[in-house]
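Step one of this worksheet: look at the structure below.
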Amino acid sequence: MILKEGMLKEGALKGKNILITGGGTGLGKSMGEYFLELGANLVITSRKLDVLEATAKEMMGQKGGKVLPLSCDVREIEQVEKMWEDAVTEFGEIHVVLNNAAGNFISPTERLSTNAFNTVLDIVLKGTSQVTLTAGKDWISKKQTGTFLNIVTTYAWTGSGYVVPSAAAKAGVLAMTRSLAVEWAKYGIRSNAIAPGPFPTEGAWSRLLPGELVKKFDPAKKVPVGRVGEHQELANLAAYLVSDFSSFVNGEVMTIDGGEWLKGAGEFNNLDKIPQEMWDMMEASRGKKP
Ligand code: HXC
Ligand code: NAP
C-alpha cells in the first residue's frame, strides 16, 4: 500500500545527524526509523533510558546506521545541556533537531491542579524552547547551519477545550517556530513545524482516549478522508522537511490531518449529516413559491 511506502530517494539524508526528542516511542520512533533508512544517524532522547536503549537496538538491527540513546528530561536545563554535549561529542555535529517530545492528558480545565497545568506547559513549551536555545546557541557560536522541525497540533491555532495546557503550549511552539525562522535565517538555521491530525500511538491514545472514550469517539469519523493517519505518511513529510530538498521552506507549518481541522471550522460542514433524499426534496422545491 502506497501509504506505507517511503517517498524520498535512497541516501536522501546521508551524512545528517538528527536529534529527536521523544524518539523512543510513537511518532518520534517512526520518523527516526525512516530517517535511518535514508542514511541519517540518530540521537534519540527522552526520560526513560531503558525504552530508548531497546528502541535504538531495534532500529539499528532493522535499519543499520548509528542510534545513540541519551536520557534527558527536557524540563531540566542541566540535563538538556548535558544531553547536547554528549550528542555533539559522539557525532561531532548535529544537523537537525526534531522537537517531538510532549505531555498531554484530557481533563476539564477547572479540574486541573496548578502542577498538572504546569507539567504540560513545561514539557511542551519550556522543554522545546530549552532544546532549541541550547542547539541554536551552539550552532550560531560555531557558525554551523541547522534545521529545526517542531511537532505541534492543529489546535495550536484553533485552540481546544479539554486539552488547554497542551493547546496553549503548542501555540507557543508554533509562534517560536515562525519567529526564529525569520530571526535565525541569517545564520543558516531553518525552522518549520508539522501539525498532525490523529495518528494512532500508544502514548496519545491511552491519554487522550482513555477507557470508554475510545469506544465513544472514533477519531477517524472526524476526518473528511475517513481514516486516521499512517505513520509512514508523517515520516515522509518529516523527512522532506529535514532534508536539503526543502531548503526554501522556512517558517511553515504543514498540516497532515486529512482535512480534520477544516471540517470543524467550516460553517456548513456539518450538513454532510443531511440525507440525499432531503437534498432531493430541496432541489425539487427550488424556485417554487411557498
Ligand atoms: C489530570 C493529571 C493527569 C490526568 C497527571 N495529572 N495525569 N491531572 N488528569 N490525566 C497531574 C498529576 O496529578 C500531577 O499534579 C501533575 O499532573 C503531574 O503529574 P506526574 O504524573 O507527576 O507528571 P509526570 O510524571 O511528569 O508525567 C507527565 C504527564 C504524563 C504529562 C502527566 O502523561 C506523561 O509522562 N506524558 C508523556 C507522554 C504523553 O503525554 N504523550 C501524549 C502526547 S499526545 P498534582 O497536583 O497531583 O501534583 C499529544 C497529541 C495531541 O500531545 C493531539 C492529538 C490529536
Ligand atoms: P508519545 O509516544 O507519548 O510521545 C511522547 C514522547 O515524549 C515520549 O517518547 C516521551 O518519552 C517523551 N517525553 C515526555 N515527557 C518528556 C520529558 N519531560 N522530557 C523528554 N521527553 C519526554 O506520543 P506521540 O503520539 O508519538 O506524540 C509525539 C508528538 O506528536 C507529540 O509532540 C504530540 O503532541 C504530537 N502529536 C501527536 C498526535 C497523535 O495523534 N499521535 C497528534 C498531534 C500531535 P519518555 O516518557 O521516555 O520521556
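No experiment lies behind these values; they were computed from the predicted model shown. Every number for a ligand or one of its atoms is a count from 1 in the order of the listing. Sequence positions, counted from 1, serve as the residue numbers for this chain.
A heavy-atom distance below 4.5 Å is found between the side chains of I77 and E81. Counting heavy atoms from C-beta outward, F105 and L208 have side chains that stay 4.5 Å or more apart. Using a 4.5 Å heavy-atom threshold, the side chains of M254 and L237 count as touching. Proximity of M31 to L234: side-chain heavy atoms (C-beta onward) are separated by under 4.5 Å at one or more points. The side-chain heavy atoms of I151 and L98, taken from C-beta on, include a pair separated by under 4.5 Å. A 4.5 Å side-chain heavy-atom check between H231 and L27 finds at least one atom pair inside the cut-off. E93 has its side chain within reach of Q144: a pair of non-hydrogen atoms, C-beta onward, lies under 4.5 Å apart. In this structure, the side chains of T25 and T201 stay at 4.5 Å or more apart for every pair of heavy atoms.
Every N/O-N/O distance between K170 and ligand 1 stays at or above 3.5 Å. Residue T153 places no N or O, backbone or side chain, under 3.5 Å from any N or O of ligand 2. An N or O contact shorter than 3.5 Å is missing between G28 and ligand 2 by distance. Any N or O atom pair closer than 3.5 Å counts here, and W205 shares no such pair with ligand 2. Among the atoms of G23, none of the N or O lies under 3.5 angstrom from an N or O of ligand 2.
Which parts of ligand 2 touch G26 is read off a 4.0 Å heavy-atom cut-off, strictly below it: atoms 2 (O), 26 (O). Using a 4.0 Å cut-off to heavy atoms of P198, the atoms of ligand 2 that qualify are 40 (O). The contact set between ligand 2 and L27, taken as ligand atoms under 4.0 Å from a residue heavy atom, comprises 26 (O), 30 (O), 37 (C), 41 (N). With ligand atoms numbered from 1 in the order given, ligand 1 contributes 51 (C), 53 (C) to contacts under 4.0 Å with heavy atoms of T153.
Heavy-atom proximity to atom 11 (O) of ligand 2, evaluated over S46, A195, G24, is greatest for S46. Taking each of N150, V152, L209 in turn, the one with a heavy atom nearest to atom 44 (C) of ligand 2 proves to be V152. Taking each of A102, G22, G203 in turn, the one with a heavy atom nearest to atom 5 (C) of ligand 2 proves to be A102. Nearest-residue assignment for atom 1 (C) of ligand 1 (options Y155, F105, W205; heavy-atom criterion): F105.
Atom 27 (O) of ligand 1 has as its closest protein heavy atom R47 NH1, 3.8 Å. Nearest non-hydrogen protein atom to atom 50 (C) of ligand 1 is L208 CD1, 3.6 Å. The closest protein non-hydrogen atom to atom 24 (P) of ligand 2 is T201 OG1, 3.6 Å. The shortest contact between atom 47 (O) of ligand 1 and any protein heavy atom is with S113 OG, 4.4 Å. Of all protein heavy atoms, the one closest to atom 40 (O) of ligand 2 is F199 N, 2.9 Å. For atom 30 (C) of ligand 1, the nearest protein heavy atom (residue, atom name, distance) is R207 NE, 3.8 Å. With hydrogens left out, the protein atom closest to atom 14 (C) of ligand 1 is N115 ND2, 3.8 Å, a heavy atom. Shortest contact from atom 44 (S) of ligand 1 to any protein heavy atom: A204 CB, 3.6 Å. Of the protein's non-hydrogen atoms, N100 O, 3.1 Å is the one closest to atom 31 (C) of ligand 2. In this structure, atom 43 (C) of ligand 2 lies nearest to the protein heavy atom P196 O, 3.3 Å. Annotation: atom 12 (C) of ligand 1 to nearest protein heavy atom, A116 CB, 4.8 Å. In this structure, atom 18 (C) of ligand 1 lies nearest to the protein heavy atom T119 OG1, 3.3 Å.
Counting heavy atoms under 4.0 Å from ligand 2, residue K170 touches it through the side chain alone. Contact annotation for I123 and ligand 2: only side-chain heavy atoms (C-beta onward) come within less than 4.0 Å of the ligand. Only the side chain of R75 comes within 4.0 Å of ligand 1, counting heavy atoms alone; its backbone N, CA, C and O stay farther away. Under 4.0 Å from ligand 1, heavy atoms of N104 appear from its side chain as well as its backbone. With a 4.0 Å cut-off on non-hydrogen atoms, V51 does not touch ligand 2 at all. With a 4.0 Å cut-off on non-hydrogen atoms, A101 touches ligand 2 through its backbone as well as its side chain. If you look at T114 next to ligand 1, there are no close heavy atoms at all, none under 4.0 Å. When heavy-atom distances to ligand 2 are checked against a 4.0 Å cut-off, C72 comes that close only through its backbone atoms N, CA, C and O.
Heavy-atom separations between F199 and ligand 1 are all 4.0 Å or longer. The closest approach between a heavy atom of T21 and any atom of ligand 2 is not below 4.0 Å.
Hydrophobic cluster membership is shared by V74 and L19, with clusters built from Ile, Leu, Val, Met, Phe, Trp and Tyr side chains linked at under 4.5 angstrom.
If you run side chain to side chain contact (heavy atoms under 4.5 Å, CB included) between V173 and each of V152, T153, V253, only V152 comes through. The side chain to side chain contact (heavy atoms under 4.5 Å, CB included) test with I44 singles out one residue from T21, V51, T55, N100, and that residue is T55. Just one of I18, L13, L42 meets the side chain to side chain contact (heavy atoms under 4.5 Å, CB included) condition when paired with L36; it is L42.
No donor-acceptor distance shorter than 3.5 angstrom exists from the side chain of S243 to the backbone of A12, with no hydrogens or angles considered. Proximity of a side-chain donor or acceptor of D73 to a complementary backbone N or O of R47 within less than 3.5 Å is not detected.
Within 4.0 Å of atom 52 (O) of ligand 1, at least one protein heavy atom is present. Checking atom 38 (C) of ligand 1 against the protein gives a heavy-atom contact under 4.0 Å. Within a 4.0 Å radius of atom 20 (P) of ligand 1, the protein contributes no non-hydrogen atoms.
Rounded to the nearest 0.5 Å, atoms CD1 (I94) and NZ (K16) are 12.0 Å apart. The NZ atom of K170 sits 11.0 Å away from atom CE of M176, with the distance rounded to the nearest 0.5 Å.
Residue K82 qualifies as open at atom NZ: its count of foreign heavy atoms under 6.0 Å is 12 or below.
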TODO: Tell me, with the steps shown, if K48 and E53 meet salt bridge (Lys or Arg N to Asp or Glu O under 4.0 Å).
DONE: CA-CA 9 Å; K48 300 187 192 103; E53 283 173 343; over 6 Å; no

- [ ] Apply the test side chain to side chain contact (heavy atoms under 4.5 Å, CB included) to residues L174 and W157: give CA-CA distance (whole Å), side-chain angles for both, the deciding distance (0.1 Å), then the verdict.
- [x] CA-CA 9 Å; L174 181 55; W157 57 89; 3.7 Å; yes

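Below 30°, between 30° and 60°, or above 60°: for F148 and W184 the angle between ring planes is between 30° and 60°, a tilted geometry. By the 30° and 60° cut-offs, the orientation of the rings of W84 relative to W139 is perpendicular.
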